[in-house]
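Just so you know, residue 1 is the first one in the sequence shown, and it goes up from there.
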Amino acid sequence: MPKQVDVGIVLGASLRQDIPSPGLQERLDLAVNLYKQGKFKQLIVSGGLDHNGSKLTEAEGMRNYLVQKGLPAKSILIEPRATSTYENLLFSKQIMDEQGLVSSIIVTHSYHGSRSLDIAETVGLKEPLVSSIDSKVLFMPYHEARETLAYTKWIWDKLMLKVGV
């Protein structure tokens, strides 16, 4: 892994009463560690509004959590629209382009890393890296099965993008 990249992109997951879920906290804690190690000076937190009673977008809840952990608010860019991994990375790339950011580390769970990397490359991120964590709180048989289906759907969606459908 390089000494430093321009930005860390933290992929959203659900909030519970406007607070990051335990699984999302794992991703955010990994981002805090990478930030403190000097891997990046800026973060993009990406995630839209959950339809679970949260009043904040995932991105806003993630920013609040990171600020509580001591990260400067000015170092955190918010992407508050995404409702899928594809949108997380597409919209984060748009923010990167606007801000002149090129290199990135995507922060997510291990089970989600391969698809995230493939999507990142497809939306045009330049040599993206993934830093991932194994979950201690998620029910992995469910998430691994769901990810297998999501990856299969992504391969189909990618094919449709290529043929212009």
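By the 4.5 Å heavy-atom criterion applied to side chains, D157 and Y86 are not counted as neighbours. Residues S14 and L24 are not in side-chain contact: their nearest non-hydrogen atoms beyond the backbone lie 4.5 Å or more apart. Counting heavy atoms from C-beta outward, S114 and W154 have side chains that stay 4.5 Å or more apart. The closest side-chain heavy-atom distance from P22 to R16 is below 4.5 Å. With a 4.5 Å cut-off on side-chain heavy atoms, I9 and N88 do not count as touching. I155 is not listed as a side-chain neighbour of L159, based on a closest heavy-atom distance of 4.5 Å or more. For the pair K162/T122, no side-chain contact is recorded, criterion being any heavy-atom separation below 4.5 Å from C-beta on.
Put simply, L71 and L15 are part of the same group of oily side chains (I, L, V, M, F, W, Y) that touch within less than 4.5 Å, one to the next. With hydrophobic clusters built from ILVMFWY side chains whose heavy atoms lie under 4.5 angstrom apart, I19 does not share a cluster with L30. Linking ILVMFWY side-chain heavy atoms closer than 4.5 Å, directly or via other members, places V10 and Y111 in two distinct hydrophobic clusters.
H109 NE2 to I133 CD1: the interatomic distance, rounded to the nearest 0.5 Å, is 6.5 Å. Interatomic distance, CG of L43 versus CD1 of I78, reported as 11.5 Å (0.5 Å rounding). Atom CG of L66 is separated from atom OH of Y35 by 10.0 Å, given to the nearest 0.5 angstrom. For the atom pair L125 CG and L90 CG, the distance stands at 9.5 Å (nearest 0.5 Å). Atom OG of residue S104 and atom CZ of residue F40 lie 10.5 Å apart, to the nearest 0.5 angstrom. Rounding to the nearest 0.5 angstrom, the gap separating the CD1 atom in I105 from the CD atom in Q4 is 9.0 Å.
Salt bridge present: E147 and R115 bring a charged side-chain N and a carboxylate O closer than 4.0 Å.
In plain terms, the two heavy atoms of A59 and P80 that are nearest each other are CB-CA, 4.1 Å. Contact detail for R27 and T108: the closest heavy-atom pair is CZ-OG1, 3.3 Å. Minimum interatomic distance between S110 and D134 (heavy atoms only, all atoms of both residues): OG-OD1, 2.6 Å. The shortest heavy-atom contact between G47 and T57 is O-CB, 3.6 Å. Taking each heavy atom of I106 and P128 in turn, the nearest pair found is CD1-CB, 4.1 Å. Taking all atoms of both residues into account, the shortest heavy-atom contact from M62 to G12 is SD-CA, 3.8 Å.
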(request) Start with the C-alpha gap between D50 and E58, add the side-chain angles, then the distance that decides, and say whether side-chain contact (heavy atoms from CB on, under 4.5 Å) holds. (result) CA-CA 7 Å; D50 283 331; E58 290 175 4; 2.6 Å; yes

(message) With side-chain contact (heavy atoms from CB on, under 4.5 Å) as the criterion, how do Y151 and D118 come out once you've worked through the C-alpha distance, each side chain's angles and the decisive distance to 0.1 Å?
(response) CA-CA 10 Å; Y151 209 126; D118 194 47; 3.8 Å; yes

(message) Assess the residue pair I76 and V67 against the criterion (side-chain contact (heavy atoms from CB on, under 4.5 Å)); give the C-alpha distance rounded to whole Å, side-chain angles, the decisive distance to 0.1 Å, and a yes or no.
(response) CA-CA 9 Å; I76 304 166; V67 169; 4.0 Å; yes

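For the pair S135 (side chain) and V137 (backbone), a donor-acceptor distance under 3.5 Å is present. Judged purely by atom type and a 3.5 angstrom limit, Q42 has no side-chain atom pairing as donor or acceptor with the backbone of V7.
Crowding of K158 atom NZ: a count of heavy atoms from other residues, nucleotides or ligands under 6.0 Å exceeding 12.
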Would you list the atom pairs, donor with acceptor, under 3.5 Å between side chains in residues 94-102 and any protein atom, with sequence neighbours excluded?
from : atom 1 : to  : atom 2 : distance (Å)
Q94  : OE1    : R81 : NH2    : 3.3
D97  : OD1    : K93 : NZ     : 3.0
D97  : OD2    : K93 : NZ     : 2.9

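Sequence neighbours left out, the pairs with a member in residues 61-77 that pass side chain to side chain donor-acceptor pair (under 3.5 Å) are D29-Y65.
Of the N and O atoms on the side chains of H112 and T85, at least one donor lies less than 3.5 Å from an acceptor on the other residue. In summary, the side chains of E79 and S92 do not present any donor paired with an acceptor at a separation below 3.5 Å, with no hydrogens or angles considered.
A side chain to side chain contact (heavy atoms under 4.5 Å, CB included) with L11 is found for one member of V107, V130, I119, L89 and no other, namely L89.
K126 meets the salt bridge (Lys or Arg N to Asp or Glu O under 4.0 Å) test with no other residue; sequence neighbours excluded.
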